[in-house]
Amino acid sequence: MPNRIAALYGDYSGPEMMRAGLAVLKAVSQKNGFEYQIEAYPFGGEAIDQVGEPLPEQTLAGCQAADAILLSAIGGPKWSVGGQSPEAGLLKIRQALGLFANIRPTHIDQAIIDQSPVKASVLENTDFVIVRELTSGIYFGQPREEEIDQALDTTIYRRAEVERIVRVAFEYAKGRQQHLTVVDKANVLATSRMWRAIVKEVQPAYPEVEVDYMYVDAASMKIIAEPSFFDVIVTDNLFGDILSDEAAVLPGSLGMIPSISQGASGKALYEPIHGSAPTLANQDRINPISMIRSVSLMLRYSFKRTDLADQIEAAIAKTLSQGVMTADIGGQAKTSEMVSKIIQNL
Ligand code: IPM
Ligand code: MN
């Protein structure tokens, strides 16, 4: 039975990104004997156009049946006003599949270090991941209210929701540099103080991991001022959303960064952290690396093919060192040229 991969091609630059990722997947698989089967489903704006909703039942069923899900990017100006939004589909799929942990790595590629707005000396030894809680907190809390004169959002966390995300974060820390930073607003928020109490309960199971606590305002400064301080950050849904965009500035382009959204079942969704870049769509200009790295993470974590993932990462590094880069990272290459070069370098 081949490995089943659901592919959600998405909107604007989404399809070309997906094609780039799948081309590299095909090449690395043929070389190393990895068998898989791709099933494509409409999602986001494309699905709104086809059937009137961003996450059609058949798409959800297909994702549930798959071993892993690849998503490129959704949304854009076409669906920005009124009616159904592509983004609502994203929130819905996360919740429906129980993808409660979002992992966003910040890794600096030496070849493009000068593209970063932050000095190279500050970026030295920067390599951390943000573990963001993804299916609770203020994004989903009830009650919600939206009137003209009054609006209400609710931040709510239940013990089990905090415990499971904290465990995921400790596991990542254990496999990395054994340093976990809990980011919150415990000087103000009750949910933050509850998180801290639960971290202290889980901590004895991970004696090798050093834990520190930081308020989110201070952490947002430190991510820019001293990013090498961090190894693993664990934080709630909203803080994680904000800090992961901030961290994405460090490598020099959003176009470099993949992410994992994982659940208890072991199923996971892999996607670039950036959007569908409408102004770049269909011009062979989009940086394909975030998508190719999403494929690499999928091979590593869902299919345990570290060998293939390592080959892809090495091919990306080699391609960058040869100066084959898209415009967002200071080069002149087209998307298709980068993809060919990465495949050639496998
Ligand atoms: C992200 C995005 C989403 C989020 C939006 C599109 C709902 O910003 O994946 O970070 O806020 O989670
Ligand atoms: Mn975001």
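First listed ligand is number 1; within each ligand, the first listed atom is number 1.
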Only heavy atoms of [X], strictly under 4.0 Å: list the atoms of ligand 1 that pass.
| X | result |
| --- | --- |
| D241 | 1 (C), 4 (C), 8 (O), 10 (O), 11 (O) |
| R94 | 1 (C), 4 (C), 9 (O), 12 (O) |
| R104 | 1 (C), 9 (O), 10 (O) |

- Task: Find the distance between CG (D236) and OG1 (T191) and round it off to the nearest 0.5 Å.
- Result: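 Separation between the atoms: 6.5 Å.
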Ligand 1 N/O within reach of E87 N/O, cut-off under 3.5 Å
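Min N/O separation from ligand 1 is not below 3.5 Å for E87.
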Self-check item: Residue of the set F128, F230, F229 for which ring pair (Phe, Tyr, Trp, His ring centres under 6.0 Å) holds with H179
Solution: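 Answer after filtering F128, F230, F229: F229.
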Query raised in the report: Around the Mn ion (ligand 2), what protein N, O or S atoms are found below 2.8 Å?
Result: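 Correct list: D241 OD1.
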Practice task
State, to 0.1 Å, how close L280 and S13 come at their nearest heavy-atom pair, and which atoms those are.
Solution key: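 The pair with the smallest heavy-atom distance is C-OG, 3.9 Å.
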Looking only at heavy atoms, which two atoms of G263 and L99 are closest? And how far apart?
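Looks like N-CD2, 3.9 Å.
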Using a 6.0 Å distance limit plus a 45 degree cone around the ring axis, check whether R164 lies over the aromatic ring of F100.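 Yes.
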Query - Axial cation check for F34 ring with K26, 6.0 Å and 45° limits - result: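 Relative to the ring axis of F34, which defines the angle, K26 lies outside at least one limit.
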**OP:** For ligand 1, indicate whether the residue E271 contacts it via side chain, backbone, both or neither (heavy-atom separation under 4.0 Å).
**Re:**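 Contact part for E271 vs ligand 1: neither.
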Part of R132 within contact of ligand 1 (heavy atoms, under 4.0 Å):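 Near ligand 1, R132 shows its side chain, while the N, CA, C and O stay back.
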Worksheet item: Side-chain donor-acceptor pair under 3.5 Å between E271 and S294, yes or no?
Response: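 Side chains of E271 and S294: no pair found under 3.5 Å.
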Go through the steps to decide whether I289 and M338 satisfy the test side-chain contact (heavy atoms from CB on, under 4.5 Å), and finish with yes or no. CA-CA 9 Å; I289 291 182; M338 258 196 117; 3.4 Å; yes
- Message: Protein heavy atoms near atom 4 (C) of ligand 1, is at least one of them under 4.0 angstrom away?
- Response: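 Yes.
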Note to self: So if I apply the side-chain hydrogen bond (donor to acceptor under 3.5 Å, both in side chains) rule between Y206 and each of R167, Q178, E171, which one comes out positive?
What the structure shows: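 Per the side-chain hydrogen bond (donor to acceptor under 3.5 Å, both in side chains) rule, the option paired with Y206 is E171, out of R167, Q178, E171.
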- Query: Is there a side chain to side chain donor-acceptor pair (under 3.5 Å) between S302 and Y270 once you walk through the steps?
  - Reply: CA-CA 10 Å; S302 282; Y270 300 85; 2.7 Å; yes
- Query: Among protein heavy atoms, which lies nearest atom 11 (O) of ligand 1, and at what distance?
  - Reply: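 Going atom by atom, the protein heavy atom closest to atom 11 (O) of ligand 1 ends up being Y139 OH, 2.6 Å.
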Closest approach of any protein heavy atom to atom 7 (C) of ligand 1, naming residue and atom |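 Minimum-distance protein heavy atom for atom 7 (C) of ligand 1 reads L91 CD2, 4.1 Å.
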